[in-house]
> 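The structure's right below; bear with me while I get my questions together.
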There are 2 protein chains.
Amino acid sequence: MLESAISQGLRATGRRMTRTRKAVLALLERTHQPLSATDIYSQLQEEHIAIDLVTVYRTVNVLKELGLVAQLDLHHEGQSRYELKEGRTHHHHIRCQICGKIVDLLLCPLKKLTKLIEERTKFVVDDHTLEFSGFCPKCQ
Amino acid sequence: MLESAISQGLRATGRRMTRTRKAVLALLERTHQPLSATDIYSQLQEEHIAIDLVTVYRTVNVLKELGLVAQLDLHHEGQSRYELKEGRTHHHHIRCQICGKIVDLLLCPLKKLTKLIEERTKFVVDDHTLEFSGFCPKCQ
DNA sequence: ATGGTATTTGCAATAGAGTTGCAATAAGGT
DNA sequence: ACCTTATTGCAACTCTATTGCAAATACCAT
């Protein structure tokens with residue numbers, strides 16, 4: 001159970017473990033797709049858990065600040081998605097252009113490239129995004 | 001001069017070369033940074049070229065449909081940017097997290113990786129995005 | 001050059017994602 | 001159980017982008 005460990009992280013920054021934060025965390029924990037704020041909102045509505053959409057936004061932002069959640073901005077989606085980091089390593093995603101299914105790519109091939117880019121551009125690289133899209137097996 | 005060639009492309013799809021389309025094209029042609037719709041709008045305002053923001057959006061969408069302009073959705077920017085394709089090959093970008101400067105990366109290292117991903121995921125890959133961010137030489 | 005017609009433009013209204021102010025509520029240490 | 005402070009819900013708002021519609025204009029035929 002993550003909850004007590006997370007509770008500690010919250011308290012360490014003067015925050016509290018609440019009914020709504022538990023609900024959002026539990027949902028992210030049992031879901032295997034990255035969820036948008038409205039996904040989280042409507043899913044919890046269906047489960048008759050009262051939570052305002054504003055609270056969903058505030059909750060994912062807190063979880064992001066604590067480093068517990070990653071925010072994904074996939075191309076052409078127009079809204080952010082969120083997924084639990086929980087012991088998972090850095091990875092990227094592929095998204096189906098037809099049905100929207102998102103699958104993790106358990107790799108990151110960009111370490112060497114990062115060095116090359118730093119040499120060529122004289123930037124210090126801090127972050128990167130990499131995303132593929134196409135047609136999933138069912139939609140081909 | 002691009003204009004007459006583009007004019008043909010427009011007419012081939014039942015469209016017209018107009019004062020505003022010329023102005024947006026000319027601006028994109030002489031600018032070396034990808035521009036947002038509001039960038040284009042305010043830049044043309046400064047040059048005393050009257051154009052509505054709505055028209056800017058419609059214009060970049062037409063140019064995108066004609067394959068003349070690429071739309072970039074950079075991470076954490078919250079708005080799209082547009083750049084002329086005009087004879088340029090597929091490439092990616094790096095963006096400074098401090099000053100927002102965007103520099104082209106004249107490479108794409110993802111061909112081999114695409115094959116690997118298709119094998120592993122059984123997706124057919126159609127597109128990808130890759131973006132780096134960090135600190136430019138001036139902002140380090 | 002002139003006129004006719006379909007495309008394009010500007011304005012106003014609208015849509016959707018996300019944020020902010022504030023009073024009411026609830027967490028959790030004492 | 002109480003008290004303080006963080007959190008919540010509601011309403012209002014911001015920002016990017018899109019849509020409907022009447023007026024303006026590109027451009028083809030004459």
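Quick note on labels: first sequence line is chain A, next is B, and so on, each numbered from 1.
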> Which protein N or O atoms sit under 3.5 Å from an N or O of nucleotides 20-24 of chain D?
{"residue": "D:dG20", "atom": "O6", "partner": "B:Arg58", "partner atom": "NH1", "Å": "3.4"}

> Expressed in angstrom and rounded to an integer, what is the separation of A:Asp73 atom CG from C:dA17 atom P?
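From A:Asp73 CG to C:dA17 P: 13 Å.
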
> Identify, residue by residue, the members of residues 38-52 of chain A with a heavy atom below 4.0 Å from DNA chain C, and return them in order of residue number, or none.
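Residues of residues 38-52 of chain A under 4.0 Å from DNA chain C: none.
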
> Has B:Asp52 got a side-chain atom pairing as donor or acceptor with B:Val54's backbone, closer than 3.5 angstrom?
yes

> Should B:Arg19 be listed as having a side-chain N or O under 4.0 Å from OP1 or OP2 of C:dT7?
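So the side chain of B:Arg19 is outside the cut-off, no N or O lying under 4.0 Å from OP1 or OP2 of C:dT7.
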
> Could you tell me whether a side-chain N or O of A:Gln140 sits under 3.5 Å from a main-chain N or O of B:Lys122, the two making a donor and an acceptor?
yes

> Distance check: side-chain N/O of A:Tyr57 vs OP1/OP2 of C:dG18, anything under 4.0 Å?
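Yes.
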
> Is the backbone N or O of B:Leu28 less than 3.5 Å from a side-chain atom of B:Thr31, with the two atoms forming a donor-acceptor pair by type?
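A pair under 3.5 Å: no.
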
> Ignoring backbone atoms, test whether A:Ser80 places a side-chain nitrogen or oxygen under 4.0 Å from the OP1 or OP2 oxygen of C:dG18.
yes

> Which nucleotide in the list D:dT18, C:dG29, C:dA27 gets nearest to the side chain of B:Asn61?
D:dT18

> Quick check for you: among C:dT9, D:dT8, C:dG28, whose closest atom lies nearest to any side-chain atom of A:Met17?
C:dG28

> Under 30°, 30 to 60°, or over 60°: which ring-plane class applies to A:His128 and A:His90, parallel, tilted or perpendicular?
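Aromatic pair A:His128/A:His90 classed perpendicular.
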
> From NZ of B:Lys22 over to P of C:dT8, roughly how many Å is that when rounded to an integer?
14 Å

> Using only atom types and a distance under 3.5 Å, with no angle test, would you say the side chain of A:Thr59 pairs donor to acceptor with the backbone of A:Thr55?
yes

> If each of A:Leu10 and B:Thr18 is mapped to the nucleotide of DNA chain D with the nearest heavy atom, which maps nearer the 5' terminus, i.e. the 5' end?
A:Leu10

> For the residue pair A:Arg15 / A:Thr13, report whether a side-chain donor-acceptor contact shorter than 3.5 Å exists.
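Result is yes, a qualifying pair exists.
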
> Could you give the NE2-to-P distance, from B:His76 to C:dG18, as a whole number of Å?
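From B:His76 NE2 to C:dG18 P: 12 Å.
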
> Starting from A:Ile117, walk the hydrophobic network (Ile, Leu, Val, Met, Phe, Trp, Tyr; side-chain heavy atoms closer than 4.5 Å) and list everyone else you reach, by chain and number.
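Joined to A:Ile117, directly or through intermediates: A:Ile94, A:Val103, A:Leu105, A:Leu107, A:Leu110, A:Leu113, A:Leu116, A:Phe123, A:Val125, A:Leu130, A:Phe132, B:Ile94, B:Val103, B:Leu105, B:Leu107, B:Leu110, B:Leu113, B:Leu116, B:Ile117, B:Phe123, B:Val125, B:Leu130, B:Phe132.
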
> Mind checking if B:Arg16 touches a base, just sugar-phosphate, or nothing, with heavy atoms under 4.0 Å?
base

> Please report the shortest heavy-atom distance between B:Pro34 and B:Arg81, naming the atom on each side.
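For B:Pro34 versus B:Arg81, the nearest heavy atoms are O-NH1, 2.7 Å.
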
> Quick one: is D:dT8 close enough that its OP1 or OP2 comes under 4.0 Å of any side-chain N or O from A:Thr55?
no

> OP1 or OP2 of C:dT8 versus the side-chain N and O atoms of B:Arg15: is any pair under 4.0 Å?
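B:Arg15 to C:dT8 OP1/OP2: no side-chain N or O under 4.0 Å.
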
> Over how many whole Å does the gap from A:Ile6 atom CD1 to C:dA27 atom P extend?
17 Å

> Within the side chain of A:Arg19, is there an N or O that forms a donor-acceptor pair under 3.5 Å with the backbone of A:Ile51?
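Side chain of A:Arg19 to backbone of A:Ile51: no pair is present.
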
